> 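Questions regarding the structure given below will be posed in turn.
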There are 2 protein chains.
Amino acid sequence: MSKCEQCIVREFSSLKALTKQELVQLSDCKTSHIVKKGEIIFKEGDTVNGIYCIKDGVCKLIKLSANGKDHIVKLVTKGELLGQRSMISEEPVNLSAVALDDMQVCFIPKSEVMGYFDKNNKFSMNVMKTICGDLKEADDQMVNLAQKTVKERLAETLLYLHDTFGTNGDASLKVQLSRDDLASMIGTATESCIRLLSDFKKLGLIELSGKKIILLDLSKLKKLAE
Amino acid sequence: MSKCEQCIVREFSSLKALTKQELVQLSDCKTSHIVKKGEIIFKEGDTVNGIYCIKDGVCKLIKLSANGKDHIVKLVTKGELLGQRSMISEEPVNLSAVALDDMQVCFIPKSEVMGYFDKNNKFSMNVMKTICGDLKEADDQMVNLAQKTVKERLAETLLYLHDTFGTNGDASLKVQLSRDDLASMIGTATESCIRLLSDFKKLGLIELSGKKIILLDLSKLKKLAE
DNA sequence: ATTAAAATATGATATTTATCATAATAAAAG
DNA sequence: CTTTTATTATGATAAATATCATATTTTAAT
């Protein structure tokens, strides 16, 4: 079993506040898991008795709507924690988590995490700040969905993927979303998403080859995203 | 100066966790304010060095979008606290708060609140749960904006106003929003909102008289909201 | 009370976006 | 390697929504 004390990823999450002693204890009670691309980590409505720490890979947090389509609320990647909100609220999770890559995740049982909450003030403050950050982002996204056009949202999302997850050697976006996923991230029909990508390609803003997307003109995309 | 120990409203917020001693101390450092309808409590970008406790009235939390229109992210009413996120994140507020009614609010300086955070575990847990609740709601709204039609969102919002803020003696919604505000709550153009209200009226779902809105057929509205 | 200003309402039209249909391409399975 | 299936792409059309114009009503101000 790998040791949390030596895990670099920890430094990027609220867990960075843990003491050496707490980390040793954590190593003993955590479990490590491999999650293959497409597999579900947890499902809306599940009772998840703890939190997941993402060691590698990216997953989508999705919410099913009344009409059966689902919406991608957020992408989460290595260094981040999953299931904090649910644990604090003492409610089932309100989102499903599905791997977009092959992932490595560690599960930390609730009992352990709650202990840190009580004893380690810095840890609980970190978690709170993270959740506050999520809330702020959610507010922003809400306004975008309410007021921006699909074209603007697509441009913005492409830039977000570029800036947040970076590019491969060939300049293509590292996170490879299907057109379907991209559409459910910006809140539109798959065909509309595909059509706009074609438009962007014709305008020389992006290059498409298979699932790969290369952003060619960042500044024009920024203007389009307003 | 009114005493917090005797304030009923406190029982409805995170402040219910405070001890008698803490409440006495709170009474000494809080300031009470009257905010007239339409007045601004704080503005996006402001540094608010504390939190507001709403004793009476309702306000809207709005966010300005790039195109100049603003979006109502949330309505907040008596018993609730304002500015918690900003205080925890140690960032300027990301939303503006504008009174929809004449309001009574109390301001509690940051130094005081942070003291409770450190010493009163129940209080900080309450605040966390509130923010987690806000995040869950934000996720829901996001999906609604992404996937529901304007008609569905209008029906849902009318029901929300009905269920959350109640009705007057004549069965009209207690919170009176302008058509403009209603539109910026559901994320549509003012004219579209007005048009749909007229449609609902013609269908016998609601009654309109001036600014007053009366919901006549809750179950049909529920079906419309899906 | 009268005028001015703002809010509400409705029609006409343009634009955006979704849906349905079908083709082309890519990926997976046998 | 070939067949099947899923994904991506594009056209045609329908539906939803925004915008512009203008009328009506309500509210506020003089």
Side-chain angles (χ1 to χ4, degrees), chain A residues 36-38 65-71 100 144-158 172-173 176-203 206-214 224-226, chain B residues 36-39 60 65-72 98 100 144-158 172-173 176-203 206-214 224-226:
Chain A
K36 289 264 171 67
K37 182 176 175 173
S65 77
N67 63 40
K69 281 189 215 167
D70 53 29
H71 182 75
L100 290 173
N144 281 346
L145 283 166
Q147 309 212 333
K148 287 195 175 176
T149 63
V150 176
K151 191 188 288 179
E152 287 167 343
R153 298 206 299 272
L154 175 58
E156 186 170 50
T157 299
L158 291 175
S172 65
L173 296 179
Q176 280 192 17
L177 294 170
S178 67
R179 303 291 190 263
D180 204 46
D181 275 347
L182 197 50
S184 92
M185 221 179 141
I186 66 179
T188 191
T190 308
E191 297 95 320
S192 299
C193 174
I194 290 172
R195 225 178 286 274
L196 284 171
L197 282 173
S198 297
D199 291 351
F200 283 6
K201 186 183 170 185
K202 277 170 202 153
L203 290 168
I206 62 174
E207 197 180 307
L208 299 172
S209 61
K211 208 158 252 175
K212 284 185 180 176
I213 300 176
I214 298 175
L224 258 183
E226 208 158 351
Chain B
K36 289 264 170 68
K37 181 176 175 173
E39 282 181 359
K60 56 181 176 180
S65 76
N67 63 39
K69 282 190 214 166
D70 53 30
H71 183 76
I72 297 183
V98 179
L100 290 173
N144 281 346
L145 283 166
Q147 308 212 335
K148 288 195 174 176
T149 62
V150 175
K151 191 187 287 178
E152 289 166 343
R153 299 207 298 273
L154 175 58
E156 185 170 49
T157 299
L158 290 175
S172 66
L173 296 179
Q176 281 193 16
L177 293 171
S178 67
R179 303 291 190 265
D180 204 47
D181 275 347
L182 196 51
S184 93
M185 221 179 142
I186 67 181
T188 190
T190 308
E191 297 95 321
S192 300
C193 174
I194 290 172
R195 226 178 285 274
L196 284 171
L197 283 174
S198 297
D199 291 351
F200 283 7
K201 186 183 171 184
K202 277 169 201 154
L203 290 167
I206 63 173
E207 196 181 305
L208 299 172
S209 61
K211 208 158 256 177
K212 285 185 178 174
I213 300 176
I214 299 175
L224 259 182
E226 210 160 349

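Keep in mind that what you see is a predicted model, and the values were worked out from it rather than measured. Heavy-atom basis, side chains included; hydrogens, waters and symmetry copies ignored. Sequence lines set the chain letters: A, B, ... in the order given, protein chains first and strands last, and positions in each chain run from 1.
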> Quick test of your reading of the model: are A/Lys148 and A/Glu226 salt-bridged, counting only N-O distances below 4.0 Å?
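Salt bridge flag = no for A/Glu226 with A/Lys148.
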> Between D/dT19 atom P and B/Glu191 atom CD, what is the distance in whole Å?
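So the CD-P distance, B/Glu191 to D/dT19, works out to 8 Å.
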> Assess the residue pair A/Arg179 and A/Ile213 against the criterion (side chain to side chain contact (heavy atoms under 4.5 Å, CB included)); give the C-alpha distance rounded to whole Å, side-chain angles, the decisive distance to 0.1 Å, and a yes or no.
CA-CA 11 Å; A/Arg179 303 291 190 263; A/Ile213 300 176; 4.2 Å; yes
> To the nearest Å, give me how far apart CZ (B/Phe200) and C1' (C/dT10) are.
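The answer, rounded to whole Å, is 17 Å.
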> Pick from B/Leu173, B/Leu158, B/Leu154: which one makes a side-chain contact (heavy atoms from CB on, under 4.5 Å) with B/Ile206?
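Result for side-chain contact (heavy atoms from CB on, under 4.5 Å) with B/Ile206: B/Leu158.
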> Is B/Ser198 near enough to C/dT10 that one of its side-chain N or O atoms lies under 4.0 angstrom from OP1 or OP2?
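Affirmative; the distance criterion is met.
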> Taking CD from A/Glu152 and P from C/dT17, how many angstroms apart are they, rounded to a whole number?
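In whole Å, C/dT17 P and A/Glu152 CD are 9 Å from each other.
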> Just the rounded figure in Å: distance from P of D/dA6 to NZ of A/Lys211.
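Going from A/Lys211 (NZ) to D/dA6 (P), I get 13 Å.
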> Do you know which of B/Leu177, B/Ile72, B/Leu196, B/Thr188 makes side-chain contact (heavy atoms from CB on, under 4.5 Å) with B/Leu182?
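Going through B/Leu177, B/Ile72, B/Leu196, B/Thr188 one by one, the side-chain contact (heavy atoms from CB on, under 4.5 Å) with B/Leu182 is satisfied by B/Leu177 alone.
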> From C-beta outward on A/Ile194, which listed nucleotide comes closest to its side chain: C/dT17, C/dC20, D/dA9?
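Closest nucleotide among those given: D/dA9.
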> Mind calculating the distance between NZ (B/Lys151) and P (C/dA18) to the nearest angstrom?
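It works out to 17 Å between those atoms.
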> Establish, with yes or no, whether the OP1 or OP2 oxygen of C/dT10 is under 4.0 angstrom from a side-chain nitrogen or oxygen of B/Lys201.
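B/Lys201 to C/dT10 OP1/OP2: no side-chain N or O under 4.0 Å.
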> Please figure out whether B/Leu197 or A/Gly210 has its closest DNA chain C nucleotide nearer the 5' end.
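Going by which nucleotide is closer to the 5' end, it is B/Leu197.
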> Output the rounded distance in Å from NZ (B/Lys69) to C1' (D/dT17).
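In whole Å, D/dT17 C1' lies 10 Å from B/Lys69 NZ.
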> In whole Å, I'd like the distance from the CD1 atom of B/Ile186 to the C1' atom of D/dA18.
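That distance rounds to 13 Å.
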> Do the side chain of B/Arg195 and the base of D/dT19 come within less than 3.5 angstrom through a donor-acceptor pair of N or O atoms?
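Such a pair is found, so the answer is yes.
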> Rounded to whole angstroms, how far apart are CZ on B/Arg179 and P on C/dA6?
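Atom-to-atom, B/Arg179 to C/dA6, this comes out as 19 Å.
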> Looking at A/Ser192, I'd like to know whether one of its side-chain N or O atoms comes within less than 4.0 Å of OP1 or OP2 on C/dT17.
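No, outside the criterion.
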> Starting from the 5' end of DNA chain D, give me the residue, A/Ala146 or A/Lys202, whose nearest nucleotide shows up first.
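That would be A/Lys202.
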> Run the numbers on A/Ser178 and A/Asp180 for side chain to side chain donor-acceptor pair (under 3.5 Å), then give the verdict.
CA-CA 5 Å; A/Ser178 67; A/Asp180 204 46; 5.1 Å; no
> Using a heavy-atom cut-off of under 4.0 Å over every strand shown, decide if B/Thr190 touches base, sugar-phosphate, or nothing.
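The answer is nothing, as B/Thr190 stays clear of every strand by at least 4.0 Å.
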